[in-house]
> 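Handing you a structure now.
So you know, we letter chains A, B, ... as the sequences are listed, proteins then strands, and number each from 1. Model, not experiment: these values are computed from the prediction.
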Number of protein chains: 2
Amino acid sequence: MSGQTRNLRSVLRTAGCRITGQRKLLLELMQIHSGHLDAHELYRLARERDPRLSLSTIYRTLGLLHELGLVNELHLGEEHHHYEIAPAAAHHHLVCASCGKIVEFGSSLTEKLTAAVAREHNFEITEASIDLTGYCADCRAARRRGEAANPQS
Amino acid sequence: MSGQTRNLRSVLRTAGCRITGQRKLLLELMQIHSGHLDAHELYRLARERDPRLSLSTIYRTLGLLHELGLVNELHLGEEHHHYEIAPAAAHHHLVCASCGKIVEFGSSLTEKLTAAVAREHNFEITEASIDLTGYCADCRAARRRGEAANPQS
DNA sequence: ATGGCTGCAAAAGTTTTGCACTTCT
DNA sequence: AGAAGTGCAAAACTTTTGCAGCCAT
């Protein structure tokens, strides 16, 4: 678990940033919940371990990590931002509208797509965000059985 | 111009909603500026014609139109929401990070992509949002000449 | 020791809501 | 007339900022 942690820390250090307890904690939490956290969720988790940690620190840290390219800022649902540790390989999101489950996917088609669009519109593309929404197999099955879908834990 | 307007109005009417002056105005503005407006921009434009119109009405109207599927809610930049009249054919967005220009694109590749992902993950996909960010030809040229990029009007 | 980082509190910005009043049908 | 819609003001919520003190380096 600490291989990736050390990696992230070294980027911070190289950038001339200090490795504080708060930053260590947040980095670790983002890795454990390798998924997609929003600021409040992260705040809640962090305060279980360090009750004095403030929401400003969350935002400042996420902003910093985002600037350094260590985390991505996602705009998935209708609401606020979500963040994820920036993956080495590009990937995108498939969201279940019923239970909120988020599945990551990657596909060679996505690269073909961005290349085609870049060529056609003479853009230099630096970021691609592909978010698909729909219903997962579980929720479709539950719906067929007349059950309510349960939101993700 | 009123062909599309009548179309939108009839959807409202069918849904049992009233056609008020405010709604007519907002619908018309969204069509004239067929592009991607945020709530404040729309508010500003609307008040030029009806200075009493309130921001709540903007949000309530956009929410209503969104529910009826007449407008899409976009989460392009980092900030607040943008809205656009829902196009008949799916299209997606290419945003210049320098001048803010938004280009719409559609591609048969996008449909292949969603179909492939749906099959692979056993999802029923209802919405696809593909947003590419980068630099347009103009801004790249300006940068080469050492000029600052001008934000879009 | 010193400058970056944090917590706190307050502000700024976006979106929602309660309520009295207006207006479409 | 009656219900849906609106304006206004206030609240809720997310995110940012100023500042005094703290702590990695």
> Starting at atom CG of A/Leu74, determine the distance to atom P of D/dT14, rounded to an integer number of angstrom.
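To the nearest whole Å, that distance equals 17 Å.
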> Ion pair present between B/Glu48 and B/Arg44, side-chain N to carboxylate O less than 4.0 angstrom?
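Looking at B/Arg44 together with B/Glu48, the answer is yes, because their closest N to O distance falls below 4.0 Å.
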> Between B/Phe105 and B/His92, how do the two ring planes meet: parallel, tilted or perpendicular, split at 30° and 60°?
tilted
> Rounded to whole angstroms, how far apart are CD on B/Glu41 and P on C/dG13?
16 Å
> Quick check for you: to the nearest 0.5 Å, what is the distance between A/Cys96 atom SG and B/His121 atom NE2?
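NE2 of B/His121 is found 13.5 Å from SG of A/Cys96.
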> In whole angstroms, how far is the P atom of C/dT14 from the CG atom of B/Leu42?
14 Å
> Would you kindly give the CZ-to-C1' distance between B/Arg23 and C/dT22, to the nearest whole Å?
14 Å
> Under a 3.5 Å cutoff, is there a donor and acceptor pairing between the side chains of A/His36 and A/Glu104?
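Per modelled atom types, A/His36 and A/Glu104 side chains form a pair under 3.5 Å.
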> Rounded to whole Å, please give me the gap between CG in B/Leu26 and P in D/dG5.
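So the two atoms are 14 Å apart, to the nearest Å.
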> What's the CG-C1' distance between B/Leu62 and C/dT16, to the nearest Å?
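Between C1' of C/dT16 and CG of B/Leu62: 13 Å.
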> To the nearest 0.5 Å, how far apart are CD1 in A/Ile102 and CG in A/Leu94?
10.0 Å
> Under a 3.5 Å threshold, yes or no: a donor from one side chain and an acceptor from the other, between A/Thr110 and A/Ser107?
no
> Figure out the CG/P separation between B/Asp50 and C/dT23, and round it to whole Å.
11 Å
> If I take atom OH from residue B/Tyr43 and atom CG from residue B/Leu53, how far apart are they, to the nearest 0.5 angstrom?
7.5 Å
> Do the side-chain N or O atoms of B/Gln22 get closer than 4.0 angstrom to the phosphate oxygens (OP1, OP2) of D/dG7?
yes
> Could you tell me whether B/His80 and B/His40 have their ring centroids closer than 6.0 angstrom?
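Judged by ring-centre distance (under 6.0 Å), B/His80 and B/His40 do not meet the cut-off.
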> Of all the choices, D/dG7, C/dG7, D/dT6, which nucleotide is nearest to the side chain of A/Thr57 once you look at every atom?
C/dG7
> Sugar-phosphate atoms are those with a prime plus P, OP1 and OP2; base atoms are the rest. Using that split, label each nucleotide of nucleotides 15-25 of chain D B, S or - for protein heavy atoms under 4.0 Å, 5' to 3'.
BBBB----BBS
> Apply side-chain contact (heavy atoms from CB on, under 4.5 Å) to A/Thr20 and list each qualifying residue two or more places apart in sequence or on a separate chain.
A/Arg18, A/Gln22, A/Arg23
> Between the axis at one end of the helix from C/dA1-D/dT25 to C/dT25-D/dA1 and the axis at the other (five pairs apiece), what's the angle to 10 degrees?
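Helix axis angle between the two ends: 30°.
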> How close or far is atom P of D/dG5 from atom CD1 of B/Ile58, stated in whole angstroms?
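It is 16 Å, rounded to the nearest whole Å.
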